[in-house]
**Q** 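Here it is: the structure, laid out below.
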Amino acid sequence: MAETKANRPRRRGRAEAKAAPFERKTNYRNLKNPFPPMKVFSDDQIENMHETALRTLEELGMRVLLPEAIAIFKAGGARVVGDMVYIGREMVAAALASAPKSIVGRGGASERDVTLELGSLVFQPGAGAPNATDLVRGRRPGSARDFIEYTKIAHHYDVFQMMSPSVEPQDVPTHLRHYFTMQTQLELTDKFPFVFARGTPQTMDGFQMLQDYRGVDDETFLTNPYCYTIINTNSPRTLDIPMAQGLIDFARHGQLSIVTPFTLMGAMAPITVAGAITLSHSEALAGITLTQLVRPGAPVCYGTFTSNVDMKSGAPAFGTPSHFQASLAAGQLARFTGLPWRSAAGSASNINDVQAANENQMGLWGCLMAGATVIIHSAGWLEGGLSVSYEKVITDAEVLNMIAELCAGAQAGPDEIGFEKAISEVQPSGHFFATTQTMERYNTAFYEPHVHDYANFGTWTERGSEDANTRATKVWQGILATDKRPAVDETRLGALQEFIAKRTEEGGAPPES
């Protein structure tokens with residue numbers, strides 16, 4: 001039937017459509033992984049890897065350098081010979097049974113709380129780098145200014161739900177550095193903060209500052225994690241003094257440890273994916289067991305950071321097929337334990353180029369397909385962790401935002417299918433630009449990028465032919481200029497500053513090793 005004025009579908013204008021706009025409902029703060037977890041090994045092979053890890057702990061043991069940790073293991077039933085601790089499988093089983101399967105990390109506001117459990121998805125930007133880099137100021141040793149600026153940028157993006165120790169502020173003395181990093185996090189963000197495990201005095205200072213600033217009583221602090229730390233074993237099979245002390249301190253005070261062996265295939269671990277992940281698994285189980293011996297039910301996350309080295313240079317490589325497979329295997333073992341777990345992306349590229357993007361995305365998708373709960377170094381990491389790039393934080397955040405959009409899922413109800421408001425309104429060879437459905441949704445239907453440019457070549461050229469790095473520079477500069485920090489309680493801030501001044505006058509707290 002030919003279209004006439006009488007039967008022509010009514011198309012609403014833009015003004016009318018704006019009266020009832022479609023609203024985007026994606027919540028970047030509480031994400032669930034929408035992808036079914038992949039396997040790289042069979043269930044039988046994973047069970048064998050777990051059994052081999054238990055055998056490793058029983059027969060070969062872990063070298064533990066902290067006497068207090070050795071005593072705790074021994075009291076829990078481990079066999080001890082010098083600094084070698086042999087952990088029985090029954091001890092591991094008891095630890096896995098008591099470790100919580102769901103953990104709520106408390107932010108400075110309830111809407112900033114993060115739930116860590118299998119199926120949840122939490123991102124953290126690049127962390128722990130000695131250097132910072134950007135296109136304006138170049139590559140340089142990390143400074144207090146860099147730490148402050150990275151904190152502001154990470155706070156700006158809701159897709160980063162946890163704060164990271166972005167760079168080492170090397171212009172701040174080591175015995176005072178923990179005061180600076182804690183104060184910076186408390187003043188500039190209300191997200192779940194990071195506390196270094198660099199000896200009990202520094203850790204206790206961090207706990208005290210956090211507890212007082214958040215206005216949390218002792219019992220509430222002991223029963224809720226208000227901060228987290230990363231505990232790295234020294235592969236192969238060594239738990240050093242500060243890391244062992246960190247596991248004890250955080251468990252004893254009810255704060256979260258993420259136990260993360262760093263096993264590079266062919267260097268600190270067997271050259272195969274199966275061998276490296278089995279070793280990593282055994283070391284993670286040892287750390288988890290220590291936390292539960294200290295305090296059954298203490299919050300702890302299973303962790304892994306396994307990739308390969310470049311066998312020509314010995315340098316770490318990331319975003320490789322082996323890195324991807326290692327993440328999948330770690331996910332299988334993490335699900336075997338039932339614990340929330342941490343994996344990582346990252347890049348070995350020296351600049352924010354195509355290699356950096358490819359490696360980070362390969363590593364990222366390995367984590368996503370493996371079902372990682374926390375993905376660390378999800379943005380900004382370069383040089384295998386030797387630097388964090390301002391521009392790369394921005395370009396990687398674009399990808400993370402897109403993943404967050406996928407977490408919302410695609411809907412397919414009558415309104416989405418649009419028979420009445422779209423399909424039936426358009427004649428053959430027509431277009432859908434002006435349908436009722438399009439007019440209701442055109443402002444919000446698609447993700448709006450903050451750094452990608454979808455303009456055609458002519459328009460892009462007229463705008464100055466800027467590449468993604470150049471645009472990213474303008475984005476981070478704009479974020480820093482805006483400086484949107486949470487509201488500050490001046491009374492608590494004053495008390496925090498007084499505490500830091502007092503502890504500084506007393507000599508601070510040097511890191512322990």
**Q** Per the side chain to side chain contact (heavy atoms under 4.5 Å, CB included) rule, which among V195, L256, I258 passes with F250?
**A** V195

**Q** Would you call L239 and E283 a side-chain contact if the rule is heavy atoms closer than 4.5 Å?
**A** no

**Q** With a 6.0 Å cut-off (strictly less than), is the heavy-atom count around CZ of R145, excluding the residue itself, greater than 12?
**A** yes

**Q** Check whether NZ of the Lys or CZ of the Arg R177 lies under 6.0 Å from the centre of the six-membered ring of F180 and within 45 degrees of that ring's axis.
**A** no

**Q** Decide yes or no on side-chain contact (heavy atoms from CB on, under 4.5 Å) for L339 and C301, but give the supporting numbers first.
**A** CA-CA 6 Å; L339 300 181; C301 276; over 6 Å; no

**Q** As an exercise, state the distance from CE of M62 to CG of L285, rounded to the nearest 0.5 Å.
**A** 10.0 Å

**Q** When you measure from the side chain of S120 to the backbone of L116, do you find a donor-acceptor pair of N or O atoms at a distance under 3.5 Å?
**A** no

**Q** Would you compute the distance between atom CG of L293 and atom CD1 of I87 and round it to the nearest 0.5 angstrom?
**A** 8.0 Å

**Q** Not counting sequence neighbours, which residues clear salt bridge (charged side-chain N to carboxylate O under 4.0 Å, His left out) with D483? List them please.
**A** K152, R485

**Q** For the residue pair R503 and F499, establish whether any side-chain heavy-atom pair is separated by less than 4.5 Å.
**A** yes

**Q** Which one of D240, D83, T238 satisfies the side chain to side chain donor-acceptor pair (under 3.5 Å) criterion with R63?
**A** D83

**Q** Check whether S327 reaches the backbone of H323 with its side chain - one donor and one acceptor, N or O, closer than 3.5 Å.
**A** yes

**Q** Would D146 and S143 count as having a side-chain donor-acceptor pair, cut-off 3.5 Å?
**A** yes

**Q** Do R55 and E51 meet the salt-bridge criterion of a basic N to acidic O distance under 4.0 Å?
**A** no

**Q** Can you confirm if the aromatic rings of Y157 and H450 lie within a centre distance of less than 6.0 Å?
**A** yes

**Q** Is the closest side-chain donor-acceptor distance between S349 and E383 under 3.5 Å?
**A** no

**Q** For a side chain to side chain donor-acceptor pair (under 3.5 Å) with T220, tell me which candidate from T223, N224, D217, D218 qualifies.
**A** D217

**Q** Indicate whether the side chain of T306 and that of T263 have a donor and an acceptor atom separated by less than 3.5 Å.
**A** yes

**Q** If we ignore angles and hydrogens, is there a donor and acceptor under 3.5 Å between the side chains of Q124 and S164?
**A** no

**Q** Between the main-chain N or O of T151 and the side-chain N or O of Q185, is there a donor-acceptor pair closer than 3.5 Å?
**A** no

**Q** State whether the side chain of D158 and the backbone N or O of R29 hold a donor-acceptor pair below 3.5 Å, judged by distance alone.
**A** no

**Q** Going through the checks in order, is the side-chain contact (heavy atoms from CB on, under 4.5 Å) test met by Q211 and H253?
**A** CA-CA 11 Å; Q211 186 178 342; H253 292 83; over 6 Å; no

**Q** Between F192 and F160, is the gap from one ring center to the other below 6.0 Å?
**A** no

**Q** Is it true that the side chains of N401 and Y28 contain a donor and an acceptor less than 3.5 Å apart?
**A** no

**Q** Any idea which heavy atoms bring G507 and H175 closest together, and the distance?
**A** O-CD2, 3.2 Å

**Q** Are a donor atom and an acceptor atom from the side chains of N30 and Q161 found within less than 3.5 Å of each other?
**A** no

**Q** Flag the pair Y302 / H281 as yes when their ring centroid distance falls below 6.0 Å, and as no otherwise.
**A** yes

**Q** Aromatic contact between W365 and F35, with the criterion being ring centroids under 6.0 Å apart: yes or no?
**A** yes

**Q** Using a 3.5 Å distance criterion without hydrogens, assess whether the side chain of Q332 forms a donor-acceptor pair with backbone atoms of V40.
**A** yes

**Q** Okay, side chain of K39, backbone of G331: is any donor-acceptor separation there less than 3.5 Å?
**A** no

**Q** Checking side-chain polar atoms at under 3.5 Å, does N232 have a donor or acceptor matched by the opposite partner on T260?
**A** no

**Q** Closer than 3.5 angstrom, by distance alone: can the side chain of S307 be matched with the main-chain N or O of A317 as a donor-acceptor pair?
**A** yes

**Q** Under 30°, 30 to 60°, or over 60°: which ring-plane class applies to W381 and H377, parallel, tilted or perpendicular?
**A** parallel

**Q** With side chains defined as the heavy atoms from C-beta onward, is the minimum distance between V167 and P130 less than 4.5 Å?
**A** no

**Q** Ignoring hydrogens and geometry, is there a side-chain-to-backbone donor-acceptor pair from Q245 to T200 under 3.5 Å?
**A** no

**Q** Does the pair L222 and R295 meet the rule for a side-chain contact (heavy atoms from CB on, under 4.5 Å), with working shown?
**A** CA-CA 11 Å; L222 287 170; R295 182 176 180 177; 4.0 Å; yes

**Q** Scan K101, R335, K32 and name whichever one has a salt bridge (Lys or Arg N to Asp or Glu O under 4.0 Å) with E117.
**A** K32

**Q** Sub-3.5 Å donor-acceptor pair from the side chain of E168 to the main-chain atoms of A129, do we have one?
**A** no

**Q** Here's one to test your reading of the geometry: is the NZ or CZ of R492 within 45 degrees of the ring axis of Y213 and under 6.0 Å from its centre?
**A** no

**Q** Could you tell me whether the side chains of D212 and Q208 share a donor-acceptor contact shorter than 3.5 Å?
**A** yes

**Q** Take a 6.0 Å sphere around CD of E505 and say whether it holds more than 12 heavy atoms from other residues, nucleotides or ligands.
**A** no

